[in-house]
Structure formats: structure tokens, C-alpha cells
Amino acid sequence: MDIEFKRLQFDFYSHNALEVAPLLLGKIIHCNEVALIITETEAYLPTDSACHAYNGKTERNAPMFLSGGFLYVYLCYGIHNLCNIVVDKEGVASAVLLRAAQVYSGSDIIRQRRNGSLDLVGPGKVGQALQLTRADSGKALSDEIFVTEGFTPVSIEKAPRVGIDYALPQDRDAKWRFIAKEFKK
DNA sequence: AGAGTGATGTTCT
DNA sequence: GAACATCACTCTA
């Protein structure tokens, strides 16, 4: 458990969301005293009617237009803080949503934040475990919040994204959700 | 175990 | 004023 993982460089995030989203599986996000293994991600692209930035820049989605390696956090359904990592080049409104994770360290703290539960399948739960809020949106990854190498997925499943019925059919059906079920030792 | 639903508040029309 | 990249709980079986 005392393995030292190398921190990802900004270059890692500078590519298309469809490339970066699967690569984030098995990586470890360190934030607010806890560390989580990323197990499920979704890609959002500028040409994608499910993307918050599809209709142009607003105050909320402005971080998505930044260069890769920034955070985009927003409030969903009035309750949940959903955490995205901005990817691709500056001006390309693109991000990867963290949809599920496993606890790597800090389980006691996560239990406190999550009312005893360590289940982190669902983006609202991930945001709660990381204790990220809208106030963190637009921040760059830093010494406080960062992602390191981690584990290699045994396999990666693709599936349509969740909760985007409002999108055009071709975007709604695109398999831009990436899931890792187990990792190599 | 599956379906239904209230909570909760910002954002954009 | 409607919609929203959800969750946890209840109810019915």
C-alpha cells in the first residue's frame, strides 16, 4: 500500500476527451485528505449536444474552455457536486466526468463525509468523497489536488453515457462512458 | 430487487 | 419557471 505513484504531467490532459477518458481509469485522484482509484469516466466534447458547453460559453461552463488539467465542478439537481477534469487544448470545450471510484486511502474520512458508506459508484458520491464544490471549479490541478499513476485495468468496457436523454440521438447513444471492473496487481 | 419519488438550488430561457 | 451529466429512501412483491 505504500507504493509511490508518479504524478501525471499537464501533457497527459492535453488530448481529446475520447483518448483521455479511458486512460484515466485506474489512475488515483488525491484531494482533501483522501485518494480514490478512478473506475468509471465519461467524455464530453464541444460538438456533443450532451455537453454543457454545446451552446457556447457561460459563467458556469467557462472552465471547460481552459487547457487540460483544470477542474470543472458544478451542482447537479441542487444537491450533488459533479467533478470533471478539463482536457484538450485551450478553447476546446471538453472534459471528463468522474463517474465512479474506489477508495484507495482515507476511508475513515470518507465514511464521515458519506454517512458511513464507502460506495462511490455515482458521480455525486465521488464529489462528496473528494469534498469538491462549485468553489473549486476553474482551479488548476496543483499540489493540493492532483492525479497520479495507479493501476492498469484488466479490460475497459464502453457504454452510453448516463442521464443525457435531452441530447440528440447520435450523442445520447455514443459509447463515451468507460468502465474498469478490475485491475492488474 | 425493482419501481417510484422527494430533496434541493443553480442556471438558462 | 423549467430543466437539470443524482441519491437515498420508501413502497410493492
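Heavy-atom basis, side chains included; hydrogens, waters and symmetry copies ignored. Each chain gets a letter, A, B and so on, in the order its sequence line appears, and its residues count up from 1.
- Atoms CG (A:Asn81) and P (B:dT11) sit 11 Å apart, rounded to a whole Å.
- Contacts between residues 23-49 of chain A and DNA chain C, defined by a heavy-atom separation below 4.0 Å, involve A:Tyr44, listed by number.
- One atom, CZ of A:Arg60, and another, P of B:dT13, lie 10 Å apart when rounded to the nearest Å.
- Annotation: A:Gln9, atom CD; neighbour count of heavy atoms from other residues, nucleotides and ligands within 6.0 Å does not exceed 12.
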Please test A:Tyr104 against A:Gln102 for side chain to side chain donor-acceptor pair (under 3.5 Å), starting from the C-alpha separation and ending with a verdict. CA-CA 6 Å; A:Tyr104 179 67; A:Gln102 290 172 17; over 6 Å; no

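- If you check B:dG9 for Watson-Crick or wobble pairing at under 3.5 angstrom, you find it paired to C:dC4.
- A:Ile164 comes within contact range of the sugar-phosphate backbone alone, with a heavy-atom separation under 4.0 Å but no base atom that close.
- Regarding A:Tyr77, its OH atom lies at a distance of 13 Å from the C1' atom of B:dT5, rounded to whole Å.
- Put simply, OH on A:Tyr166 is 16 Å from C1' on B:dT13, counting in whole angstrom units.
- First and last contacts of DNA chain C with chain A, using any nucleotide atom under 4.0 Å from a protein heavy atom and ordered 5' to 3', fall at C:dC4 to C:dA8.
- Backbone-only contact: A:Leu82 has heavy atoms under 4.0 Å from sugar-phosphate atoms and none from a base.
- The CG-P distance, from A:Asn61 to B:dT13, rounds to 11 Å in whole Å.
- Here A:Asp119 pairs with A:Lys125 in a salt bridge; the nearest charged N to carboxylate O distance falls below 4.0 Å.
- Note: the hydrophobic cluster containing A:Leu120 also contains A:Val96 (ILVMFWY, side chain heavy atoms under 4.5 Å, direct or indirect links).
- In this structure, A:Arg7 forms no cation-pi arrangement with A:Phe12, as its terminal cationic atom is not both closer than 6.0 Å to the ring centre and no more than 45° off the ring axis.
- Between A:Arg134 and B:dT11 there is a side-chain N or O to OP1 or OP2 distance below 4.0 Å.
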